[in-house]
Amino acid sequence: MPDPAATNSPGSPEAQTDFIRDRIRADLAAGKVRQIQTRFPPEPNGYLHIGHAKAITLSFAVAEEFGGKCNLRMDDTNPEKEAQEYVDAIQEDVRWLGFEWDQMVYASDYFGQLFAWAEQLIEKGLAYVEDQNAEQMAKGRGTVRTPGTNSPFRDRSVAENLDLFRRMKAGEFGDGEKVLRAKIDMAHSNLNLRDPAMYRVRNLHHQRTGDEWCIYPMYDWAHGQSDSIEGVTHSLCTLEFEHHRPLYDWFCESLGIHHPQQIEFARLNVEYMLTSKRKLLRLVEEKHVDGWDDPRMPTIRGLRRRGVPAEALVAFCKHVGVAKVNGTHELSLLEYFTRDWLNSRTWRRMAVIDPIQLIIENWPKNDDGTPHVEWKDVKNNPQDEDAGTRAVPITGKLWIDRDDFMEEPPKKFFRLGPDREVRLRFGYAVKCVSYDKDDDGRITTVRCTYDPESKNGKTSDGRKIKGVIHWVSQEHALEADTHLFEPLFAEADPASFDGDEFASILRPDSRRIVKAMCEPSLKDAKGGDAFQFERVGYFYCDPKTSEQGSPVFHRTVTLKDTWKKQQGK
RNA sequence: UACCCCGUGGUGUAAUCGGUAGCACAGCAGUUUUUGGUACUGUUGGUUCCUGGUUCAAGUCCAGGCGGGGUAACCA
């Protein structure tokens, strides 16, 4: 028997080909690099989302594939928005995805080196201290169509610049009073090269360096240099940094230090999901969701609490590949990988999401007059013999799902209706003889008779029964809060909506909480367990809100439902 | 509008030195099935954005258009 996990895991092995790996192979073949070194460099100012999952997977997987290493680096150059809380969360999320970094590093580890290098640039006449304020600098930079103009402070002497820069570091100036700028070209067509800022004064406490520094390096100045220090060979980042590459190169060349290769790829977009930190923050702050780990959030912790397995997420990220085209992936692809992984390993259980009762009128009674209970051992996973069995009780009073009965069923409805017969999953064939409705006309009870000879897939007279429905014994049912999710947004491209529109495309029904009637074995469910509720979907036992004997389930994804799909047409 | 990047079936992504479009998901049909699930099989979709050019041969090279995205923070 082949390994079942290997036969249907689309995200796995075959050597991937894309422009980045092609480049790495070429660099290796040409002897340009000996060993691959990559890094994942988040700023610890928020939680990681599905877009980061792609970047993480890329950098770590590439390193692994080519026998190299990948560092996790906190780009902590702006203490204003950063916090230890995020550092911890990021590490936890990366580990949860299943990656282990070679070194855990911080851009702030390099503040000393960065300062020394800045002095070198000043000595080479390639950097100067600016006295203008932000507004004046912006004006001097020009626009995309007009060249900038040189700052009146651009030609200060090396000695003066050095002195001023050291005094900046010494804390002689207030926030915004001075910045150190690279001296490049104020008329350059790439705005990033119009004398970009390297250091700004920020009299702020840094979560790691404390009060040691009052000047902090800008992204462009810190990033490439950090890469260089770590011996990064291929610095992978998203497309919006393309315009920064010339500056990245300029700094490395001006310093004459190891020069990593920055390569940009398209960021991940998925239908109905947002990956803008700003908008995700808005969702949290305006309480449209319960927090960063709300199962509807595209954050890694949201996805995790939704029940999406890390392996499925990584397989998805590997599968979507890497290119320079900005596109949007269909949600169904993520769902496919989620189901694919869950299908082969989760235990099956029965649970009724929207219960109506089914009464078997000819169900036997015990000698003492009490209702008969029949226990049946059934498989935990029909595809996995090793998964074992559990016992489920069959009685004459059951819960079944409202969807499984129709008063006036259409032609191809294989479930229950007047005079129709179906099989109870793992149990007997039952035939509907009558049904009750409440004052609103809603079905409350379906009455059936059962065929005692119909156990084990047979029927007394050999007749074929097409439909099978799931059920739960009323007497033994465990009632559990169950959260059913739909996308947060009604539009597939929520990113194109802003302002008030943004709130108007939120779906009011993105989360429905129902009381599901579960088979009794589910009372043993522990936080983190995943199940397939037969014919319904995959459900994840929420570690945060579940209690011993009282699980709370999150619907990760529904099962494929061809019937429902056909009806929708 | 200046500059940069990109443009292959519904979606995403492949195609060594240019050699005649592959894969996955979705869709459709069928087989198996005590999950309308899974598995398996088959199948519909592409004049590779357009127009010209180079060539025996172009998705691949060149030119011009058209379309999409990005960029003007003392953020990253």
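In this text the structure is predicted, and so the values were computed from the model without any measurement. Values reported hereafter were calculated over all heavy atoms of this structure, with side chains retained and with hydrogens, waters and symmetry mates removed. Note on naming: letters A, B, ... go to the chains in the order of the sequence lines (proteins, then strands), and numbering restarts at 1 for each one.
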Requested in this report: Mind checking A:Arg425 for me? I need base, sugar-phosphate or nothing, with any heavy atom below 4.0 Å counting as a touch.
Outcome: base

Report task. Assert yes or no for the condition that the ring centre distance of A:His244 to A:Tyr248 is strictly below 6.0 Å. Result -> no

Query raised in the report: Any Lys/Arg nitrogen of A:Arg73 or A:Asp227 sitting under 4.0 Å from an Asp/Glu carboxylate oxygen of the other?
Result: yes

Query raised in the report: Has A:Arg535 got a side-chain N or O lying under 4.0 Å from the OP1 or OP2 atom of B:G36?
Result: yes

Query raised in the report: Could you give the CD-to-P distance, from A:Gln383 to B:A39, as a whole number of Å?
Result: 8 Å

Query raised in the report: B:U11 and B:A26: how far apart are their C1' atoms, nearest whole angstrom?
Result: 7 Å

Report task. Decide whether A:Ser521 and A:Arg349 meet the rule of one side-chain donor and one side-chain acceptor closer than 3.5 Å. Result -> yes

**Report entry** Contact check, side chains of A:Phe165 and A:Ile215, non-hydrogen atoms, under 4.5 Å
**Finding:** yes

Query raised in the report: Contact class for A:His329 vs. all strands (heavy atom < 4.0 Å): base, sugar-phosphate, or nothing?
Result: sugar-phosphate

Report task. Select from A:Arg202 and A:Lys412 the residue whose nearest nucleotide in RNA chain B is closer to the 5' end of that strand. Result -> A:Lys412

Report task. Using a 4.0 Å heavy-atom cut-off across all strands, classify A:Asn133 as base, sugar-phosphate, or nothing. Result -> base

Query raised in the report: Using a cut-off of 4.0 Å on non-hydrogen atoms, how would the nucleic acid contact of A:Thr562 be classed: base, sugar-phosphate, or nothing?
Result: sugar-phosphate

Report summary line: By the Watson-Crick or G-U definition, both distances under 3.5 Å, B:A2 is matched with B:U71

Report task. Find which nucleotide of RNA chain B each of A:Gly427 and A:Val325 is nearest to by heavy atoms, and output the residue with the more 5' nucleotide. Result -> A:Val325

Query raised in the report: Using a cut-off of less than 4.0 Å, is there contact between a side-chain N or O of A:Arg200 and OP1 or OP2 of B:C75?
Result: yes

Query raised in the report: Using purine N1 to pyrimidine N3 plus N6-O4 or O6-N4 for Watson-Crick, or N1-O2 and O6-N3 for G-U wobble, each under 3.5 Å, what pairs with B:U16?
Result: none

Query - P gap between B:U60 and B:A15, integer Å - result: 14 Å

Query raised in the report: Now, which nucleotide makes the Watson-Crick or G-U wobble pair with B:A63, with each of the two distances under 3.5 Å?
Result: B:U51

**Report entry** Carboxylate-amine/guanidinium proximity below 4.0 Å for A:Glu311 and A:Arg345
**Finding:** no

Report task. Measure from the ring centre of A:Trp563 to the centre of the six-membered ring in the base of B:G36, then say whether that distance is under 5.5 Å and the planes meet at under 30°. Result -> yes

Report task. Compare side-chain N and O positions of A:Tyr336 against OP1 and OP2 of B:C25 and report whether any pair is under 4.0 Å apart. Result -> yes

Report task. In whole angstrom, give the distance that lies between atom CZ of A:Arg145 and atom C1' of B:A2. Result -> 7 Å

Requested in this report: Please give the nucleotide sitting opposite B:C25 as a Watson-Crick or G-U wobble pair, both distances under 3.5 Å, or none.
Outcome: B:G10

Query - Spacing of the P atoms in B:G70 and B:C23 (rounded, Å) - result: 33 Å

Report task. Give a yes or no on whether a donor-acceptor pair under 3.5 Å exists between the nucleobase atoms of B:U71, that is its base, and the side chain of A:Glu242. Result -> no

Report task. Would you please test A:Thr149 and A:Arg141 for side chain to side chain contact (heavy atoms under 4.5 Å, CB included) and show each step? Result -> CA-CA 6 Å; A:Thr149 49; A:Arg141 189 161 30 243; over 6 Å; no

**Report entry** Distance, rounded to the nearest Å, where A:Leu342 contributes CG and B:G37 contributes P
**Finding:** 17 Å

**Report entry** Gap in Å between the two P atoms, one belonging to B:G27 and one to B:U38, rounded
**Finding:** 10 Å

**Report entry** Length of the OH-C1' vector between A:Tyr86 and B:C75, whole Å
**Finding:** 15 Å

Query raised in the report: Once you round it to whole Å, what is the distance between P of B:U38 and CG of A:Asn381?
Result: 14 Å

Query - Stacking check A:Phe414 vs B:G36 (5.5 Å / 30 deg) - result: yes

Query raised in the report: Is a donor on one side and an acceptor on the other found under 3.5 Å between the side chain of A:Arg420 and the backbone of A:Phe413?
Result: yes

Report task. Report which part of the nucleic acid A:Pro147 touches: base, sugar-phosphate, or nothing (heavy-atom distance under 4.0 Å, all strands). Result -> nothing

**Report entry** Partner nucleotide, any strand, of B:C40 [Watson-Crick/G-U, under 3.5 Å]
**Finding:** B:G30

